[in-house]
Amino acid sequence: MEKEKLEGRPTVSLIPGDGIGPEICRAVRKVLRRAGAELDWEVVEIPPLEERGRREIEQLHERVVASVQKNRFGLKGPITTPVGSGHRSITVALRQDLGLYANLRPARTVAPRFSPCGEVDLVVVRENTEGLYSGIEHRVGEDFGESVKLISRSASERIIRFACEYALGNDREKVTAIHKANILKCSDGLFLDVFRQLEEEYPQLTLEEMIVDNAAMQLVTDPGQFDVLVAPNLYGDILSDLSAGLIGGLGLAPGGNIGEEFALFEAVHGSAPDIAGENKANPLALLFSSLMMLEELGQESVAERIDKAARAVLRSGKDLTPDLGGDGTTDGLARALSAQLEEVG
Ligand code: NAI
């Protein structure tokens, strides 16, 4: 998606989602308003899980797709997907149907005490439309199950090029392809072939490859060696949660789903049912996701100001939510962020 200066005040889709989604969205809206972000929201609410029949899901899906297609940019809270049975992930379907093929998930140390394994500054670029999330799966009788992992040359090339162009455009030097091509020779083998074929087009970059299990270990023992990682869908999903753990947890890990025409920003985390409704959720992951969106909307200076305020609050150690070792609340953290905005000017 081309970065652009938008004319006038943009309207952005806001999908609060469920679980902790509505609470953290409220906090983020408050901070953005206080910082003077120039945007209006078009809110698309979703029905609670227990009221979601097939028809409700279809209607919801259509409403979100239409809203993002109209506004081009969106901010999304998490949406619960029933585990083990029930309906398919609405989030995965949205990414596929809006052509949001790249899931960009940066992990940056915000304060040394939240990075127990050392300084981290890496970006996971996850393929977002195929792999094991193809949705093609079935039970074979009572005792077997089959889930199809799809890897295509075109989607692999698209995501690897995205990762390389992202690296070039953001002063990064290395792109590491994550795979399991020693075992999955047909699917990951193809992904790796494409990566190797593109190598000569990017002489400015160091291109490396790493088997996913080793990458999981190396991320913990030596995270500083990584710069940009590009991975098929499932590995990207898992390694970006792992990377969140390297910077203080899911409450700090932002993300963006990017396509040719549209972009939908959302935190790495899910709906956190264990703390939903308790005013304990950390809104910073969604706030940092919204800053990625503000940058795309050409409002870099507002994003920078909020980022500075957030880092100052994190460094101070005050008003932090329990995931960061504090005893603060979602609302309290939003208030502290708003107050800090006055300090950073
Ligand atoms: P989760 O990310 O919701 O929670 C994992 C752990 O991290 C929990 O202990 C939770 O309390 C904590 N956590 C997550 N976000 C936090 C925050 N902002 N502040 C403080 N603590 C936080 O992952 P889980 O439990 O695997 O999934 C729960 C539901 O979320 C599932 O239905 C899943 O499908 C859905 N999900 C949705 C996503 C989306 O809409 N993008 C992404 C990931 C999961």
Side-chain angles (χ1 to χ4, degrees), residues 13-28 31 44-46 48-50 52 57 60-61 64 68 74-96 98 100 103-105 107 110 114 124 126 128-129 132-133 135 233-234 236-258 263-290 292 310 314 319-334 337:
S13 304
L14 178 70
I15 304 101
D18 61 8
I20 59 170
E23 328 166 32
I24 57 175
C25 277
R26 251 193 324 273
V28 168
V31 176
V44 186
E45 303 280 0
I46 72 157
L49 186 60
E50 53 283 3
R52 267 184 237 157
I57 290 174
L60 164 68
H61 185 80
V64 177
V68 176
L75 183 67
K76 176 184 163 297
I79 301 179
T80 304
T81 307
V83 177
S85 60
H87 70 74
R88 214 185 144 216
S89 163
I90 295 170
T91 302
V92 169
L94 286 172
R95 291 169 180 157
Q96 289 171 343
L98 285 163
L100 305 173
N103 192 187
L104 195 59
R105 293 180 155 184
V110 288
F114 297 126
V124 175
R126 163 190 177 194
N128 224 6
T129 60
L132 266 168
Y133 294 65
N233 210 333
L234 181 64
D237 194 6
I238 294 172
L239 293 186
S240 50
D241 268 47
L242 193 159
S243 304
L246 297 173
I247 59 159
L250 285 167
L252 293 176
N257 302 288
I258 319 284
L264 190 56
F265 295 83
E266 62 177 338
V268 171
H269 64 72
S271 56
D274 51 338
I275 55 167
E278 295 182 16
N279 197 18
K280 277 185 189 167
N282 187 344
L284 283 168
L286 188 68
L287 182 69
F288 289 137
S289 309
S290 77
M292 291 168 68
L314 283 162
D319 301 296
L320 302 184
T321 42
D323 58 305
L324 296 176
D327 56 7
T329 60
T330 312
D331 294 341
L333 184 48
L337 289 162

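Counting starts at 1 for both ligands and their atoms, in listed order. Just the heavy atoms: all of them, side chains too, but no hydrogens, waters or symmetry mates, feed the values below. Position 1 is the first residue of the sequence; numbering continues from there.
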4.0 Å protein heavy-atom contact status of atom 27 (O) of ligand 1, strictly under =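 Within 4.0 Å: no protein heavy atom nearby.
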Measure from atom 34 (O) of ligand 1 to the protein's non-hydrogen atoms and state whether any distance is below 4.0 Å.
->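 Yes; the ligand atom in question has protein heavy-atom contact below 4.0 Å.
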Can you tell if the side chain of [X] reaches within under 4.5 Å of the side chain of [Y], non-hydrogen atoms only?
{"X": "R126", "Y": "N233", "result": "yes"}
{"X": "I247", "Y": "V110", "result": "no"}
{"X": "I46", "Y": "I90", "result": "no"}
{"X": "V68", "Y": "V44", "result": "no"}
{"X": "M292", "Y": "I258", "result": "no"}

Of all the non-hydrogen atoms in the protein, which one sits nearest to [atom], and at what distance?
{"atom": "atom 8 (C) of ligand 1", "result": "D274 OD2, 3.4 Å"}
{"atom": "atom 37 (C) of ligand 1", "result": "I79 O, 3.4 Å"}
{"atom": "atom 22 (C) of ligand 1", "result": "I275 CD1, 4.2 Å"}
{"atom": "atom 2 (O) of ligand 1", "result": "G270 N, 2.7 Å"}
{"atom": "atom 14 (C) of ligand 1", "result": "H269 CB, 3.7 Å"}
{"atom": "atom 5 (C) of ligand 1", "result": "L250 CD1, 3.9 Å"}
{"atom": "atom 25 (O) of ligand 1", "result": "P273 CD, 4.5 Å"}
{"atom": "atom 29 (C) of ligand 1", "result": "S271 OG, 3.3 Å"}

Decide whether an N or O pair under 3.5 Å exists between G77 and ligand 1.
->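 Checking ligand 1 against G77, no N or O pair falls under 3.5 Å apart.
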Min N/O separation K280 to ligand 1 under 3.5 Å |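 Among all N and O atoms of K280, none is under 3.5 Å from an N or O of ligand 1.
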Cation-pi check, R95 onto Y133 ring (under 6.0 Å, within 45° of axis) =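 Judged by the rule, R95 and Y133 form no cation-pi pair.
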Which atoms of ligand 1 are found less than 4.0 Å from any heavy atom of A281?
->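 Per the distance check, 19 (N).
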Assess T321 for proximity to ligand 1: is some non-hydrogen atom of it under 4.0 Å away?
->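 Contact absent.
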Can a non-hydrogen atom of K76 be found less than 4.0 Å from any atom of ligand 1?
->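 For ligand 1, residue contact (heavy atoms, under 4.0 Å) with K76 is present.
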N279 side-chain N/O to T330 backbone N/O, donor-acceptor pair under 3.5 Å |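 Yes, because the side chain of N279 sits within donor-acceptor range (under 3.5 Å) of the backbone of T330.
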Does N128 reach the main-chain N or O of L100 with its side chain, forming a donor-acceptor pair under 3.5 Å?
->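 Pair found, side chain donor or acceptor close to backbone of L100.
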Quick one: which of N257, I24, T81 has a heavy atom closest to atom 31 (C) of ligand 1?
->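 Checking each option, the heavy atom nearest atom 31 (C) of ligand 1 is found in T81.
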Would you tell me which option among L286, N282, L284 has the nearest heavy-atom contact to atom 18 (N) of ligand 1?
->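 Ranked by closest heavy atom to atom 18 (N) of ligand 1, first place is N282.
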Atom CG of D327 with >12 non-hydrogen neighbours under 6.0 angstrom =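 No, not enclosed.
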Go through the side-chain N and O atoms of D323 and T321 and say whether any donor and acceptor fall under 3.5 Å apart.
->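 Distance-only check passes for D323 and T321.
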What part of V83, side chain, backbone, both or neither, has a heavy atom within less than 4.0 angstrom of ligand 1?
->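 Looking at V83 and ligand 1, no heavy atom falls under 4.0 Å.
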Provide the closest heavy-atom pair for K76 versus L286 in the form atom of the first, atom of the second, distance.
->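 Nearest pair, atom of K76 first, then L286: O-CD1, 3.5 Å.
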